[in-house]
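Heads up: the structure comes next, in structure tokens.
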Amino acid sequence: MEPDKNTLIYTIIGTIPIGSVASYGQVAALAGYPQNARLVGRLLKEMPNDSTIPWHRVVNSLGKISFAVGSDKYQQQRQKLLLEGVTFKNEKVNMREHQWL
DNA sequence: TTCTTGACGCGCA
DNA sequence: ATGCGCGCCAAGA
């Protein structure tokens, strides 16, 4: 396997503090891949379920969860964020208060 | 090997 | 605010 990008990305996501969120694009940029937000999404999708990384703190640039509203995954992520004190406004995170960086 | 997909993002109308 | 097109690029069919 090629742990390079993966490890770096996972590490970065791991540094997102509780109560805040980052966009796929931001994480990608920090990892040195500006322009490739999809890379982040793909890795998260293929990440092992037993991993402890806070994947739920990653949302799209609009502050919305990248899953169909009402879907199982959507509910899960929303719930995790709510538990950390993240507030929403019409299915969108209040970026003004929770945006990382 | 080519074509389609997709946990994205940005510029423009 | 909303929709559309295009760029990105690895995985799957």
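Note on naming: letters A, B, ... go to the chains in the order of the sequence lines (proteins, then strands), and numbering restarts at 1 for each one.
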Canonical and wobble pairing (Watson-Crick, G-U, under 3.5 Å) of DNA chain C, dot-bracket with |: .||||||.|||||
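- For A/Lys73 and B/dG6, the NZ to P distance is 14 Å, given to the nearest whole Å.
- Listed nucleotides B/dG9, B/dG6, C/dA11 differ in distance to A/Tyr24; the shortest reach to its side chain belongs to B/dG9.
- Rounded to an integer number of Å, the gap from CD1 of A/Ile9 to P of B/dA7 is 17 Å.
- Formation of a donor-acceptor pair under 3.5 Å by the A/Ser71 side chain with backbone atoms of A/Phe67 is not found in this model.
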Find every protein N or O atom lying less than 3.5 Å from an N or O atom of nucleotides 1-9 of chain C, and list the pairs.
residue: C/dC8; atom: O2; partner: A/Arg38; partner atom: NE; Å: 3.4

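- As a whole-Å value, the separation of A/Leu44 CG from C/dA11 P is 15 Å.
- A donor-acceptor pair under 3.5 Å links the side-chain atoms of A/Gln77 to the main chain of A/Val58, judged by distance alone.
- For the pair A/Met47 CE and C/dA11 P, the interatomic distance rounds to 15 Å; values are reported in whole Å.
- A/Lys92 contributes a side-chain N or O that, together with a main-chain N or O of A/Asn90, makes up a donor-acceptor pair within less than 3.5 Å.
- Sparse packing is recorded around NZ of A/Lys89, with 12 or fewer heavy atoms of other residues, nucleotides or ligands lying under 6.0 Å away.
- A heavy-atom distance below 4.5 Å is found between the side chains of A/Leu30 and A/Trp100.
- Few gaps surround CD on A/Glu97; more than 12 heavy atoms of other groups in view lie less than 6.0 Å from it.
- The residues A/Arg57 and A/Glu84 are annotated as salt-bridged, a charged nitrogen and a carboxylate oxygen being separated by less than 4.0 angstrom.
- What separates CG of A/Asn6 from P of C/dA10 is a distance of 12 Å, to the nearest Å.
- Atom CG of A/Asn60 sits about 11.5 Å away from atom CD of A/Gln26, to the nearest 0.5 Å.
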